[in-house]
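Only one structure is covered here, and it is reproduced in the block below.
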Amino acid sequence: MDVIRFTCDTVLSDVHLLMPNSQHFMVRLNAVGQPEHTMATPLEDVGKQVWRAALLLADYILHNHFIFKNCTALELGAGTGITSIAMATTAKTIYCTDVGDDLLNMCEKNVTLNRHLAEQMGEIQVKELDWLQSDFCLDPEFPYSWSEDEIASLHDDTTVLLAADVCYDSSLTDALFRTIYKIMSNLKNPSTLYISIEKRFNFTLRHMDITCEAYDHFRSCLNDLEHITDGKTKFTVESVPITFPQHLDYERFEHLELWKVTASPVST
């Protein structure tokens, strides 16, 4: 039995995966050097955890693999890379992006460990994409920088964007949506973003009540994106029903959501 191997700093669970070709794989989230199980993750290390919403998005990709056949995709905030790896079973090229040397190194290892999953795996390029910066990293000394040709190919060929459970901090969510707008409104072809999220409830002293501030801010940004009137790009937002089969073994519950954002040029 083939095995999907993941390196991460914390272990969520063992995840059983039934691929579209009916072969059975095991996703084992190996905490190399740290075999203990932990459910707590510091904010700066959230990318090193495999979250349910990432598994939900991977499920959607595996079930709808025909939609993404031979496409070029860009994942924002890829973390361990599980969603990009799922996409590579059907897509031609995937730009798997995040920020931070240790996170990108871990992601690169996971990509290398899982090149066996399909007879013709798509090419996964692990790159840095910092939402807080206005430009791509072009530093030739940095292993995850971009070349001018790669940036040109990204803008010429990309039709799919992915983001899984990356909206947990309001300032970063604002930066994410600025990045989404900038990229999608400048791509050569119409594009679609699939973004998954888990609605989390927290007690806040400011409200002295249980709230969903991160989720509410995400929905506000989603609404703002849909109502942009720049005369250039029209964004259409819709909720994706969570009715597709579950290939990965995790708890799928009512607070997991998947959203689809389509960007198309405004007719003149």
With a 3.5 Å distance limit and no angle check, can you tell me whether [X] reaches the backbone of [Y] through a side-chain donor-acceptor pair?
X: Thr97; Y: Glu75; answer: yes
X: Gln246; Y: Leu248; answer: yes
X: Asp98; Y: Gly79; answer: yes

Practice prompt. Assess whether ring-ring contact (aromatic ring centres under 6.0 Å, His included) is satisfied between Trp146 and Tyr95, documenting all intermediate values.
Written response: CA-CA 10 Å; Trp146 299 75; Tyr95 296 99; 5.4 Å; yes
Are [Y] and [X] connected in a single hydrophobic cluster, I mean Ile/Leu/Val/Met/Phe/Trp/Tyr linked by side-chain heavy atoms less than 4.5 Å apart?
X: Trp259; Y: Leu225; result: yes
X: Ile61; Y: Val240; result: yes
X: Val237; Y: Ile67; result: no
X: Phe235; Y: Leu176; result: yes
X: Leu162; Y: Leu193; result: no

Under 3.5 Å, is there a donor-acceptor pair between the [X] and [Y] side chains?
X: Asp174; Y: His217; answer: yes
X: Asp169; Y: Ser171; answer: yes
X: Asn186; Y: Lys232; answer: yes
X: Tyr144; Y: Asn105; answer: yes

Worksheet item: Taking atom CZ of Arg178 and atom CD1 of Ile183, what is their separation to the nearest 0.5 Å?
Response: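 Here the interatomic distance stands at 13.0 Å.
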Discussion item. With rounding to the nearest 0.5 angstrom, report the CE to CD1 distance, Met87 to Ile82.
Written reply: 13.5 Å
Within-4.5 Å side-chain heavy-atom neighbours: [X] and [Y]:
X: Gln125; Y: Ile94; result: no
X: Thr179; Y: Leu129; result: yes
X: Ile242; Y: Leu56; result: yes
X: Leu55; Y: Asp249; result: no
X: Leu154; Y: Phe136; result: yes

Discussion item. With a 4.0 Å cut-off on N to O distance, would you call Lys127 and Glu150 a salt bridge?
Written reply: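 Salt bridge present between Lys127 and Glu150.
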Practice prompt. Determine, for Asp59 against Arg252, whether the closest basic-nitrogen to carboxylate-oxygen distance falls under 4.0 angstrom.
Written response: yes
Worksheet item: Which of parallel (below 30°), tilted (30 to 60°) and perpendicular (above 60°) describes Phe68 and Tyr60?
Response: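 If you compare the ring of Phe68 with that of Tyr60, the planes turn out perpendicular.
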Item to complete: Determine the interplanar angle of the Phe218 and Tyr215 rings, folded into 0 to 90°, and report it as parallel if under 30°, tilted if 30 to 60°, perpendicular if over 60°.
Response: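 Because their plane-to-plane angle lies in the 30° to 60° range, the rings of Phe218 and Tyr215 count as tilted.
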Discussion item. Would you say CD of Glu251 has more than 12 non-hydrogen atoms from neighbouring residues, nucleotides or ligands within 6.0 angstrom?
Written reply: yes
To check you understand the geometry: which heavy-atom pair defines the closest contact between [X] and [Y], and what is its length?
X: Val166; Y: Leu76; value: CG1-O, 3.9 Å
X: Ala164; Y: Ser196; value: CA-OG, 3.3 Å
X: Ala86; Y: Thr89; value: O-OG1, 2.6 Å
X: Cys96; Y: Ile124; value: CB-CG2, 3.8 Å

Discussion item. Between Thr90 and Phe66, is the side-chain contact (heavy atoms from CB on, under 4.5 Å) condition met? List the steps.
Written reply: CA-CA 7 Å; Thr90 186; Phe66 55 92; over 6 Å; no
Worksheet item: Per the side chain to side chain contact (heavy atoms under 4.5 Å, CB included) rule, which among Leu222, Leu172, Ile197 passes with Cys167?
Response: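 The residue from Leu222, Leu172, Ile197 that satisfies side chain to side chain contact (heavy atoms under 4.5 Å, CB included) with Cys167 turns out to be Ile197.
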